[in-house]
Amino acid sequence: MKVLLLPLAVGVAAASPLATMADSFIKRGVPATIHYSQMTLYGGFELAYDLTGDEKYASWYRGQIDALVQDNGTIKNWQYEYYSLDNYRMGNNLLYWYEKTGEEKYKKAASVIRQQINRTPRTATGGFWHRDPNYPNQMWLDGIFMADSFYAKWTKRFDNKNTSAWDDIALQYDNIEAHTRNRTTGLLKHGYDESKVAVWADPVTGAAPLVWDRAVGWYFMSLLEVIPVWPKTHPARKRLINYFTTLAAALKKTQDKSGGWWLIMDEQYVGAKGNYIESSGSAMFTFGFLKGIRLGLLDQKQYLAPAKKGYNLLLNKFIVEKDDGTVDWEGTVEVGSLSSNGSYEYYISVPLAVNDYKGAGPFMYASYEIETL
Ligand SMILES: *[C@@H]1O[C@H](CO)[C@@H](O)[C@H](O)[C@H]1NC(C)=O
Ligand SMILES: *[C@@H]1O[C@H](CO)[C@@H](O)[C@H](O)[C@H]1NC(C)=O
Ligand SMILES: *[C@@H]1O[C@H](CO)[C@@H](O)[C@H](O)[C@H]1NC(C)=O
Ligand SMILES: *[C@@H]1O[C@H](CO)[C@@H](O)[C@H](O)[C@H]1NC(C)=O
């Protein structure tokens, strides 16, 4: 279905927003690195290919991955003793190519990452450190999307009977929930330090002080990746679904009247000087509502209208049509890191980027859902 009812009924919306965005990135070029930003964008190419069947999306994407995966199944310049969950995100894309082609090299490359998971340092309760050496004993919501979606997909595909793997994956989500979720607001802080020594750590919970939209978005999207592959008989499945639906309810409540979401979502900062409606988080939440409906996790009567409102904002505010037929994606904050002091001043001081893959990718995911409704 085309998005003809939306106000921007020329150009992008009259064509396919998903395909137009994919074409724009092909035209501009994307540096082929193992960074999770690229991997997030490439998820959009999987969907562009699924939607259109046009081989150009698959072949461009495969070229990007083949620049990193060597014929013997090692990953170019892979650091075997650098334990950064961010780098594990690539495992999802490797599995995609293994499923699609059956070529062993993709499976081998994915297994490099799967083995690295086993060696990754953990907190006292078993949570993966976000990065060793930089972030000891810290779990960030971001890391759940980076490591645990892949961990679950790998387990489903190659190790489904390994109950300790499923338990281990569930533990990552349980830890995040126990330390960062506020049960009144339903929102989750950016992360926590189990050793409570980080400058930003709450002395009781270890939690970071603020709710950062993109971290919540990564977490929300990861739940949508693991729930469909989770064994029906494993007890954590119900909990994960509850984590997703209760977060969705909190997001519905915190959606701005414009249809978007604030960079810093804590109530006292809504509308505060320096705060703004941020595009990557807004795209992730819009997508999450739509996919949640498709998977039968969310009630269409409650969530479709907010999702459409969100999507309208994405198209009208953050997509800019260029003279050369490409589109730009605007309004995505470059980064938000707990290497900082975790303050409001820090988060609002980070600049915005144009055509940031971390926002454009989720826009493509949301577009896929809208275009296939
Ligand atoms: C895999 O191939 C690359 C590039 O040809 C080479 O540098 C590397 O040593 C090989 N690794 C193994 C384990 O064979
Ligand atoms: C099962 O999963 C656990 C936890 O990830 C892992 O340590 C173990 O090696 C896995 N077992 C097999 C046979 O792969
Ligand atoms: C949860 O959020 C509410 C509303 O902002 C606040 O009053 C309460 O103190 C928070 N609870 C915790 C444990 O931080
Ligand atoms: C925290 O860092 C920001 C810059 O990132 C700075 O503006 C602010 O003053 C710092 N706050 C404290 C309490 O150190």
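All ligand and atom numbering here is 1-based and tracks the order in the structure. Keep in mind the model is a prediction, meaning the values are calculated, not measured.
In the model, Glu194 has a side-chain atom that pairs as donor or acceptor with a side-chain atom of Thr125 under 3.5 Å.
The single protein non-hydrogen atom nearest to atom 9 (O) of ligand 3 is Asn182 ND2, 4.8 Å, given as residue, atom name and distance. When only non-hydrogen protein atoms are considered, atom 14 (O) of ligand 4 lies nearest to Asn341 ND2, 3.3 Å. Here the protein heavy atom with the shortest distance to atom 13 (C) of ligand 1 is Thr74 CG2, 4.2 Å.
Annotation: cation-pi pair Arg89/Phe145 present, NZ/CZ under 6.0 Å from the ring centroid and within 45° of its normal. For the pair Arg131 and Tyr135, the cation-pi test (distance below 6.0 Å, angle within 45°) is failed.
Within a 4.0 Å radius of atom 11 (N) of ligand 1, the protein contributes at least one heavy atom. For atom 7 (O) of ligand 1, no protein heavy-atom neighbour is found at a distance under 4.0 Å.
Here the two rings, on Tyr365 and Phe287, have centers that are under 6.0 Å apart. Taking the centre of each ring, Phe45 and Trp60 come in below the 6.0 Å mark.
Annotation: Ser349 places no N or O atom under 3.5 Å from an N or O atom of ligand 4; distance criterion only.
Of all the atoms in ligand 1, the ones that sit under 4.0 Å from a non-hydrogen atom of Asn72 are 1 (C), 2 (O), 3 (C), 8 (C), 10 (C), 11 (N), 12 (C), 14 (O). Near Gln70, the atoms of ligand 1 lying under 4.0 angstrom from a non-hydrogen atom of the residue are 3 (C), 4 (C). Near Thr185, the atoms of ligand 3 lying under 4.0 angstrom from a non-hydrogen atom of the residue are 2 (O), 4 (C), 5 (O). Applying the 4.0 Å criterion to heavy atoms of Tyr346 picks out, from ligand 4, the atoms 5 (O).
Under the side chain to side chain contact (heavy atoms under 4.5 Å, CB included) test applied with Leu298, the options Leu290, Leu304, Ile293 reduce to a single match, Ile293. When each of Tyr311, Phe285, Phe244, Phe289 is tested with Tyr303 by the rule ring pair (Phe, Tyr, Trp, His ring centres under 6.0 Å), just one qualifies, namely Phe289.
Ligand 4 has no atom lying under 4.0 Å from any heavy atom of Ser340.
Summarising the local packing, CD of Gln268 is surrounded by more than 12 heavy atoms from other residues, nucleotides or ligands at distances under 6.0 Å.
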